[in-house]
Amino acid sequence: MGDYKPQEIEAKWQKRWEEHRVFETEAELGGTAEVEKSKPAPSKPEDAAPGEKKAQAPGAKTAPGAPGGKTKKPKYYVLEMLPYPSGTMHMGHMRNYTIGDVVARVKRMRGFNVLHPMGWDAFGLPAENAAIKNKTHPRTWTNNNIAEFQRTLRRFGFSYDWRREISTCEPEYYRWNQWFFLRMLERGIAYKKKSRVNWCPKCCTVLANEQVVNGGYCWRHEDTRVEAREIEQWFLKTTAYSEQLLEDLKQLEGGWPDRVIAMQRNWIGKSIGVKVWFEVASQESTAEGGQPKSEGKNLEDPGAKAAPGASKEKIEIFTTRIDTIYGASAIVLAPTHPLVGRLIAGTPGQAAAEKKLVEMKVSSVKTEDIATAEKDGFFTGRYAVNPFNGEKVPIWVGNFVLLEYGTGAIMAVPAHDERDFEFAVKFGLPVPVVVSKEKSFSAEGSEKEHRGHGEEKKTQAPGAKPAPGAPGGGNPSAQAEVPVPQRPFTEYGVSVNSGLYSGLKSEDAIERMASDAEAEGFGKKETIFRLRDWGISRQRYWGTPIPVIYCAKDGMVPVPDKDLPVLLPANPLLTGEGESPLATDPEFVNVKCPNCGGPARRESDTMDTFVDSSWYFYRYCDPRNDHAPFDPAKAAYWFPIDQYIGGITHAILHLLYSRFWCKVMRDLGLVAHSEPIARLFTQGMVQKGGVAMSKSRGNVVGAEEMADKYGADTGRLYTLFAAPPEKDLEWSEESIEGAWRFLNRVYRMVEKHWEKATAEEKREDNAESAEFAERKLQGPGAKAAPGAPTQKERELLRKAHQTLRRVTQDFEGRWHFNSAIAQIMELVNAIYAAEPLEDGVRPAVQKEVLELVTLMLAPMTPHLAEELWEMLGHKDGLWTVAWPAINEELAKEDEVEIPVQVNGKVRGRVTMPPGAAQDEVVKRATADAGVAGHLAGKTVRKVIFVQDKLLNIVVS
RNA sequence: GCCCGGGUGGCGGAAUGGCAGACGCUGAGGACUUAAAAUCCUCCGGGGAUUUUUCCUCAUGUGGGUUCGACUCCCACCCCGGGCACCA
């Protein structure tokens, strides 16, 4: 007799699991041993490499990957997101891995060949920064952290196949990043371009757009504003897959949380519209006084004719609402638009415009302001011609137009766009209405066929003075036939004041006008995406070197496959400032050209670490392959991932890049599928004091300290019980005490009965142990104890099997681990309530009930469950036992209590055998005094009867 | 502004059309103990009636609706959290 000592129990079973290689996958393909034969992960300074120590454990079962041992089990791939080994493991990690581990263990008990691997997202800035600070090597820092993190993971008994461990900073891994890069380079998916980039002065490196958060701050340093710089960068053409990335989201519906799909869709940002070219009117024409020409779609501008030598600039705009083009009262260019300089050259206001432009360019860098900034802009002094009606519209520059999106130029339609309306109000541009909500109005408006007079309908924005560029200003007789809108009307309606198109519904107008624009040669239907290409260049040391060489003679030359991997130099000079550390290392940089053998220079950028995590889950299928990233046959067996589990923080970046990578691999012929992850689960955060745990807030609870205090099983149980897994979890010391008490209560319960139960049972049946396990696999039919069961036995067995039914459901379907635990607690309470068990419950039944409790707890508190299983007299580990089958016969109720309602209020209860017919229930119910009282003197209108559930008598 | 979540006792939460508050925490009381801890047992949403057993009534953010019956479904609104945001 002793107490529950989690530390002892946990160490004992972890050792045994390892000896018996319990968590290793079975061979997915016939033939060779899969993982063992290959080399262990190299260059781990202290930690013994995985795969070594279990070579010949005494009493080990046949190696799962033994030759010819192809498994017949169905596969199941469950994966938690690759951790960055930042040192200590906190409760957020712990919760993530606990959920995954329960799933993995349940699936194993249900007869699946489970792949449940773990590895390290080992490249990245913190290692480099720590190395600079502590004057160590990033590899040393990283590997120390990995060792620490791994020790903690093992302490929690997570059921990983450690043979498959990978670390992305090892050349054996990152050489395949380089290999993929070269394949992408061959296909034009990887390319280099000069671009304005986000520069974090703290990281001293370039950030991806996605890494810029909160409107202009570094995602790592939320207090540091990102600056803009122009640098040559490597990009991966994610935009080549925009349409597929969007389209294939449909495949994920049902398997992924709706909000993640929504966020991805939002991020990709598809817009269907039209590009339209507006010709720029010559300056002479502008000087003429700007009387617009009204020859319909003949675009020849008189000014342009008058000066045939003048170049005809065209401004390309993009719009999703071409139906509003008759309401365009300006063209607005981004301040950084390349045409701006040429347009203002030679205009009277050139000097002022240039000054203004500089101001706007500076302020637009401060992205923080953009969201809240007031609309700003200026008139260039030039006009463009609306190709639909030949009308001249002023060309403006506006701070709200982004060069990066669309064409960097828009047509401003104030009457039908919020943003344009705001701009027009501020600068006094006209607000011509060209879409009406009502049909009758449109008929009226479309009567004037001479489009050239469209401007007569234009009205000044309320309270605004005519702007210099407002054509309405040149027409003093303009009068408001159409009321000045107070708000822009942005919905679809019916076109008005739109020439030939007046009277059309917006949908039809868009279609017709787009087609006409194409036919006339001044427009093109176009779909644009918000998604940008993925900038992967980083000017840092601790990442994958980009395998490219620059030769004075041959230009850019890819590193040949045979020369991979391009290794990181062993001893970099890390300062954290200035140029990339690789660029200043002559041994790394100076290289012979692979083509001509002449002197050349190596690329010194390294890759974004999101590259590492975009395909790592394929490597787990074949982690030691040294001639390919993985064997396609193995990936075909394991993929797609059946269940991926991680934080919502990766809803966009990591998952989008992973989806992109998969499609590239598909096009390379490596995989046949288009989506790598069939099901995604995003667990909630662990909070303390209502906020996420973080070092800066100082509210972190370490996994290690919790294991010290209560043991791993209590920690696991607590995180599962305290909240449903998708919701945030508020850390509570009191609640964890509750979990601890419960496990002690279970332990005491089993301890009290095991000795007697097993001893007596041996007399009855000394082959019980083996047979029990066998029976579990065969399904229902608890071994009938000789003689008729007692009432107490029936009740206990019923409760046990009912619990099993609910717990099975909670594990399989909804992942309501908290209510599964609540059910088991109820069962344990029922067993306590039935004490003394000796009184009326035979040992075999005692044992059956206790075994069910143990088996149901096994996925959640595996160490304790193993210990209890052993206490209950089993020689073979619990890991050999299948999930128990529900015995519906035993679970069935003898009688049910049916609430009886009168007019929907419970007025009594009757106890009936299950399946009792309505007549009988009504008969019994009306005999009930409480019910009868409410029926007296009333007429029964209706009787609602739900078998075994409820009776409702409606009276009046 | 747009798009997602969410709102139930002192607290975490359960119930997805059928007895609201399972299970746990906290709190109160009792048993055991010289005592404490641990353990075991009982009670614990508000209001009211009743000596007690018990009964009535209100209650799942607010207001409507559908239904014999609504935490659950529908409409409108309020509040909280998250994501996106001059996206043309």
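Naming: A, B, ... by sequence-line order, numbering from 1 per chain.
- The nucleotide whose nearest atom lies closest to any side-chain atom of A:R748 is, among B:C40, B:C87, B:G13, B:C40.
- Not one N or O on the side chain of A:Y492 forms a donor-acceptor pair closer than 3.5 Å with the backbone of A:V435.
- Rounded to the nearest 0.5 Å, atoms CG (A:L717) and CD1 (A:I736) are 9.5 Å apart.
- Under the 4.5 Å side-chain criterion, counting only non-hydrogen atoms from C-beta, A:M91 is not in contact with A:Y718.
- One finds a side-chain N or O of A:K942 lying less than 4.0 angstrom from the OP1 or OP2 phosphate oxygen of B:C68.
- Atom P of nucleotide B:C87 and atom NZ of A:K275 are separated by 18 Å, given to the nearest angstrom.
- Going from the C1' atom of B:C68 to that of B:U42 covers 38 Å, rounded to whole Å.
- Each of B:C68, B:C87, B:A88 was ranked by its minimum atom distance to the side chain of A:I410; first place goes to B:A88.
- Rounded to whole angstrom, the span from the CG atom of A:D420 across to the P atom of B:A88 amounts to 11 Å.
- One N or O donor and one acceptor, one from the side chain of A:R419 and one from the base of B:A88, sit under 3.5 Å apart.
- B:C78 sits 25 Å from B:A85 when the P atoms are compared, rounded to a whole Å.
- Straight-line distance between the C1' atoms of B:C71 and B:A59: roughly 11 Å, to the nearest whole Å.
- Atom CZ in A:R259 sits about 9 Å away from atom P in B:G5, given to the nearest Å.
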Collect all protein-nucleotide pairs involving nucleotides 52-61 of chain B in which both atoms are nitrogen or oxygen and the distance is under 3.5 Å.
residue	atom	partner	partner atom	Å
B:C56	OP1	A:R907	NH1	3.2

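- Nucleic acid contact class of A:N818 (heavy atoms, under 4.0 Å, all strands): sugar-phosphate only.
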Any N/O pairs under 3.5 Å between the protein and nucleotides 24-27 of chain B? List them or say none.
residue	atom	partner	partner atom	Å
B:G24	OP1	A:N829	ND2	3.2
B:C25	OP1	A:R741	NE	3.2
B:C25	OP1	A:R741	NH2	2.8
B:U26	OP2	A:R741	NH2	3.2

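- Counting heavy atoms from C-beta outward, A:R814 and A:S819 have side chains that approach closer than 4.5 Å.
- Taking atom P on both B:A35 and B:C43, the two are 26 Å apart, rounded to the nearest angstrom.
- Counting only distance, with no hydrogens or angles, the side chain of A:N96 and the backbone of A:G92 share no donor-acceptor pair below 3.5 Å.
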>> Output the pairing pattern of RNA chain B as a dot-bracket string, 5' first, Watson-Crick or G-U wobble with both distances under 3.5 Å, | for cross-strand pairs, [ ] for crossing pairs.
In response: (((((((..(((.....[....))).(((((.......))))).(((((....)))))..(((((..]....))))))))))))....
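- Checked for salt-bridge contact, A:E826 and A:R806 miss the test: no charged N lies under 4.0 Å from a carboxylate O.
- For the atom pair A:H337 NE2 and A:L403 CG, the distance stands at 6.5 Å (nearest 0.5 Å).
- Between the CH2 atom of A:W277 and the OG1 atom of A:T407 there is a distance of 10.5 Å, given to the nearest 0.5 Å.
- Within 4.0 Å of A:P257, counting heavy atoms only, lies no atom of the nucleic acid at all.
- At most 12 heavy atoms of other shown residues, nucleotides or ligands fall within 6.0 angstrom of atom NZ in A:K314.
- Both A:I898 and A:I821 lie close to RNA chain B; mapped to their nearest nucleotides by heavy-atom distance, the more 5′-ward contact belongs to A:I898.
- Here the C1' atom of nucleotide B:G83 and the CD1 atom of A:I648 are 9 Å apart, to the nearest Å.
- Of the listed nucleotides (B:A15, B:G18, B:C68), B:A15 has the atom at the smallest distance from the side chain of A:H816.
- In the set B:G83, B:A22, B:C4, the nucleotide with an atom closest to the side chain of A:M263 is B:G83.
- When heavy atoms are screened at a 4.0 angstrom cut-off, A:Q901 is found touching base atoms of the nucleic acid.
- If you measure from atom CD of A:E726 to atom P of B:G6, you get 9 Å, rounded to the nearest angstrom.
- Distance check on atom P: B:U8 versus B:U72 gives 13 Å, rounded to whole Å.
- Here the separation of B:U67 from B:U62, taken at their P atoms, is 23 Å to the nearest Å.
- With A:F400 as the aromatic partner, A:R419 does not meet the cation-pi criteria of under 6.0 angstrom to the ring centre and within 45 degrees of the ring axis.
- Rounded to whole Å, the distance from CG on A:L246 to C1' on B:C87 is 15 Å.
- Taking syn as a glycosidic angle within 90° of 0, B:G61 does not qualify and is anti.
- Using C1' as the reference atom, B:A22 and B:A14 are 5 Å apart when rounded to the nearest Å.
- The residue A:V401 sits close to a base: some heavy atom pair falls under 4.0 Å.
- Using a 4.0 Å cut-off between a side-chain N of Lys or Arg and a carboxylate O of Asp or Glu, A:D323 and A:R321 qualify as a salt bridge.
- Not a single donor-acceptor pair under 3.5 Å links the side chain of A:D810 to the backbone N or O of A:F817.
- When each of B:G69, B:C87, B:C23 is scored by its nearest atom to the side-chain atoms of A:Y405, the top-ranked nucleotide is B:C87.
- Relative orientation of the A:W396 and A:F427 rings is tilted, given thresholds of 30° and 60° on the angle between their planes.
- Comparing B:C86, B:A22, B:A88 against the side chain of A:E826 picks out B:A22 as the nearest.
- Taking atom P on both nucleotides, B:G1 is separated from B:G18 by 37 Å, rounded to a whole Å.
- As judged by a 4.0 angstrom heavy-atom cut-off over every strand, A:R814 is placed among residues touching the sugar-phosphate backbone only.
- Heavy-atom nearest nucleotides on RNA chain B were determined for A:D258 and for A:F529, and the one closer to the 5' end corresponds to A:D258.
- Salt-bridge check for A:E253 with A:R265: passed, with a basic side-chain N closer than 4.0 Å to an acidic carboxylate O.
- A:K525 has a carboxylate O that lies under 4.0 Å from a charged side-chain N of A:E511, or vice versa, which qualifies the two as a salt bridge.
- Atom CG of A:D810 and atom C1' of B:A15 are 12 Å apart (whole Å).
- When the P atom of B:C68 is taken as reference, atom CZ of A:F945 falls 19 Å away, rounded to whole Å.
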